[in-house]
Number of protein chains: 4
Amino acid sequence: MARIIDKEEKRCDIARASIELFCDKGIQQTSMDEIAKSAGVAKGTVYLYFKNKEEIIFAIWDMIAQRHHEAFGKRITEHMRAKEKLLDFFNFSECEEEGNKEQVLKLYQHFISAMLIDKTGLYSAYFESFFQEDFDFISGCLHEGVAKGEFLIDDVDLLTTSIMLLLKGLLVRAKASNMGFYEAQTLLIKHVTFLLNQCTRSLP
Amino acid sequence: MARIIDKEEKRCDIARASIELFCDKGIQQTSMDEIAKSAGVAKGTVYLYFKNKEEIIFAIWDMIAQRHHEAFGKRITEHMRAKEKLLDFFNFSECEEEGNKEQVLKLYQHFISAMLIDKTGLYSAYFESFFQEDFDFISGCLHEGVAKGEFLIDDVDLLTTSIMLLLKGLLVRAKASNMGFYEAQTLLIKHVTFLLNQCTRSLP
Amino acid sequence: MARIIDKEEKRCDIARASIELFCDKGIQQTSMDEIAKSAGVAKGTVYLYFKNKEEIIFAIWDMIAQRHHEAFGKRITEHMRAKEKLLDFFNFSECEEEGNKEQVLKLYQHFISAMLIDKTGLYSAYFESFFQEDFDFISGCLHEGVAKGEFLIDDVDLLTTSIMLLLKGLLVRAKASNMGFYEAQTLLIKHVTFLLNQCTRSLP
Amino acid sequence: MARIIDKEEKRCDIARASIELFCDKGIQQTSMDEIAKSAGVAKGTVYLYFKNKEEIIFAIWDMIAQRHHEAFGKRITEHMRAKEKLLDFFNFSECEEEGNKEQVLKLYQHFISAMLIDKTGLYSAYFESFFQEDFDFISGCLHEGVAKGEFLIDDVDLLTTSIMLLLKGLLVRAKASNMGFYEAQTLLIKHVTFLLNQCTRSLP
DNA sequence: TATGAATGAGCATTCATTCAT
DNA sequence: AATGAATGAATGCTCATTCAT
């Protein structure tokens with residue numbers, strides 16, 4: 001009988017161990033050696049769980065995104081107003097520790113950085129699908145708001161895209177202006193609110 | 001005095017030679033060796049004009065930004081409407097060859113990528129100042145439009161920031177969705193126009 | 001007793017499973033992992049049947065050589081002329097499928113490559129004994145031909161050695177000239193025939 | 001002014017330093033690190049003179065082949081008999097030190113080993129051209145012998161090819177039988193002489 | 001001023017083998 | 001007997017930067 005190991009859990013262990021490194025040093029700057037050491041395993045072991053470095057990155061992002069969507073799904077309730085839901089989407093309430101939110105911001109920035117210079121198209125494809133999920137969430141909120149008679153929107157898709165562009169823009173801006181998570185979030189909410197107020201017409 | 005001019009010229013020569021390389025291969029992937037070869041000088045010579053790779057990058061960006069602002073300054077005329085000016089700002093008309101626009105887009109993405117993972121703060125500081133210039137331009141246009149009675153805006157700064165976030169967001173989105181310059185530009189204009197229409201109130 | 005038979009069978013199973021891999025990718029390039037997977041057993045199991053990679057290689061070669069000699073022994077008949085027998089020795093008729101002949105050629109080349117760089121002397125010893133078998137076969141044919149009065153040979157050993165050198169030389173040449181099995185075989189037979197014609201004197 | 005360096009000489013220095021390593025440990029088993037250390041330079045420096053490991057190997061072989069052909073060209077004289085020339089071709093007289101001949105034999109074996117498992121075709125192409133040169137030399141000797149009335153040969157090409165196959169076969173045999181240079185050479189000459197005696201008809 | 005030779009740390013990935021279960 | 005998780009050494013190649021000339 002072979003050693004009994006929860007492969008999925010070990011995968012997570014290794015991925016989790018990489019997160020801190022990626023945040024601190026960046027993706028490119030983190031070596032597989034460091035990841036292995038940080039996870040407390042040998043270098044070769046990392047490759048038993050991940051085909052290559054990219055797979056670790058995507059696995060991490062999957063973990064974060066899944067957790068975000070799941071947590072968001074649990075938080076929202078029937079009677080919440082669409083606008084409330086939307087703003088809650090940008091609040092990573094699932095991060096128990098406060099530091100985790102800063103981590104998520106940094107990771108986001110590192111991942112986008114990696115994507116922006118990727119030549120293989122893997123990152124683009126990955127982020128595209130990931131953005132699509134977010135798009136669907138946001139779009140869903142808006143449509144729901146319209147359906148519930150909360151507000152009127154001429155072109156939901158256009159507004160959704162605008163919101164997503166604001167989100168992405170803010171990730172860049174946050175780095176340039178050396179913002180932390182909260183500052184960035186506050187700014188984002190301010191602009192999304194502004195946009196919503198402008199683009200929706202309250203029903204009488 | 002002649003010396004200084006020569007020096008400045010050679011700096012430009014070297015910087016210019018790197019642009020294509022940076023666009024084609026990315027900043028990280030372009031070696032100082034290639035830059036030297038492309039500029040037709042020895043590797044050591046590059047270091048006589050630039051302290052390191054970063055300095056080349058900033059020099060390039062300075063060149064492009066200066067050219068952009070200068071060209072924009074020339075294009076706009078007294079009788080143009082504010083909205084016209086604003087949209088013209090996003091049209092890199094100064095790029096004579098069409099390919100150059102694609103280059104500028106790629107460079108922008110590469111630079112942002114570099115900034116997002118920069119630990120020194122140099123990039124952030126640089127981009128912050130650079131973004132500030134753009135902010136001033138856009139803000140100037142909007143204020144002018146208000147002054148001229150072209151439209152009413154409650155909070156010019158907020159709107160300006162929103163526009164800038166859209167711009168940055170689009171640079172990220174363009175890569176994820178594998179867009180070229182024109183597609184990205186079209187999308188940007190669409191969203192800025194939408195925003196302007198929503199956020200400004202035409203005077204009767 | 002049953003155990004031993006099983007063990008021998010399993011050894012063969014594993015060895016057989018490696019053949020294709022060795023042909024396709026080369027000995028060095030085939031990992032024990034791949035061999036195990038291909039044989040449908042766990043990596044550790046391979047080591048229960050073979051002390052190391054080399055042992056697998058020798059086992060394979062034993063299988064092939066044994067099959068070759070057995071098949072050859074069956075094919076030749078009393079009334080065949082010595083020359084016929086000799087040429088038949090170079091025809092791997094026992095390979096039912098045509099592709100197998102190409103495999104044998106490749107294996108031969110891979111094995112010789114491994115021997116040529118071997119530091120342990122294991123390969124040399126192995127091949128020496130293996131060459132000796134071939135030498136005996138060929139020498140036997142020639143002696144028989146002489147005994148039967150088919151031809152006259154001054155120095156049977158010298159001629160045998162020459163034939164064997166031609167065979168080995170052809171294996172190298174076949175790779176350099178990118179020959180397949182048939183091309184190599186044709187060339188070999190041509191040269192052996194030429195040698196035989198020159199070195200033997202037909203009796204009147 | 002840059003450091004004045006005879007690039008060609010340094011190339012040779014590095015190549016020469018690798019020879020011993022390749023002989024002792026084999027090509028595959030010699031790391032670029034060891035080559036650099038052995039040549040007394042940094043690893044990166046090796047790459048200034050050779051694009052990759054293969055280039056070193058081919059450079060070495062070029063050096064040896066060139067030296068061999070040049071030395072051979074000088075040694076042979078007008079009045080030598082064709083057979084004398086031919087046998088001299090297999091005598092690496094240009095190797096001043098005796099150990100060098102053993103080195104050449106080992107290198108030959110290592111190179112052939114590398115070729116036999118090469119998937120790129122580079123080695124095959126290289127050896128093919130190299131074999132062609134040898135073929136031309138040998139063929140030239142034989143033709144000359146015929147022209148001079150030294151002997152009669154029905155098919156010079158066939159005989160030349162046979163000789164070359166003997167040579168290649170002997171390189172393999174030498175390893176299997178653990179022969180040194182002299183033993184191998186003696187055997188080769190014996191077989192070539194035998195072949196020549198059989199295949200040529202002395203004129204009356 | 002200009003050159004370009006030299007450096008050497010850095011890194012992703014592979015793989016034969018072991019051994020706890 | 002059989003498994004397969006774990007190991008960690010090994011390696012070809014890159015590149016920003018320095019400095020002797």
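Chain identifiers are assigned alphabetically (A, B, ...) following the order of the sequence lines, protein sequences preceding nucleic acid strands; residue numbering begins at 1 within each chain.
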Kindly write out the residues that satisfy side chain to side chain donor-acceptor pair (under 3.5 Å) with C:Glu128, not counting sequence neighbours, or none if the list is empty.
D:Ser177

Can you tell me how far C1' of E:dA5 sits from CD of D:Glu9, to the nearest Å?
15 Å

Ring pair (Phe, Tyr, Trp, His ring centres under 6.0 Å) contacts in which one or both residues fall within residues 29-50 of chain D, not counting sequence neighbours:
none

Just to verify, what does C:Ser38 make a side chain to side chain donor-acceptor pair (under 3.5 Å) with, not counting sequence neighbours?
none

Rounded to the nearest angstrom, tell me the gap between atom CD1 in A:Ile56 and atom P in E:dC11.
14 Å

Tell me, which pairs form a salt bridge (Lys or Arg N to Asp or Glu O under 4.0 Å) where one or both residues lie in residues 25-36 of chain B, sequence neighbours left out?
B:Lys25-B:Glu34, B:Asp33-B:Lys37, B:Asp33-B:Lys43

Please enumerate all residues that pass side chain to side chain donor-acceptor pair (under 3.5 Å) together with C:Ser18, with sequence neighbours excluded.
none

Over 60° means perpendicular and under 30° means parallel, so classify the ring planes of A:Phe58 and A:Tyr126, tilted if in between.
parallel

Scan residues 33-52 of chain C against DNA chain F and write down, sorted by residue number, each residue with any heavy atom closer than 4.0 Å; if none is found, say none.
C:Val41, C:Ala42, C:Lys43, C:Gly44, C:Thr45, C:Leu48, C:Tyr49

Suppose we screen for side chain to side chain contact (heavy atoms under 4.5 Å, CB included). Which residues come up paired with C:Lys53, at least two apart in sequence or across chains?
C:Met32

Applying side chain to side chain contact (heavy atoms under 4.5 Å, CB included), can you list everything that pairs with B:Asn178, at least two apart in sequence or on another chain?
none

Could you tell me which residues satisfy side chain to side chain contact (heavy atoms under 4.5 Å, CB included) with C:Ser129, sequence neighbours excluded, listed by chain and number?
none

Side chain to side chain donor-acceptor pair (under 3.5 Å) partners of D:Glu20, counting only residues at least two apart:
none

Between F:dA5 atom P and A:Asp13 atom CG, what is the distance in whole Å?
15 Å

Per-residue pairing states of DNA chain E in dot-bracket (Watson-Crick or G-U under 3.5 Å; . unpaired, | other strand) read .||||||||||||||||||||

Positions of residues 24-32 of chain A (non-hydrogen atom under 4.0 Å from DNA chain E), listed by number:
A:Thr30, A:Ser31, A:Met32

Measure the distance from CD on B:Glu54 to P on F:dC15 and round it to the nearest whole Å.
16 Å

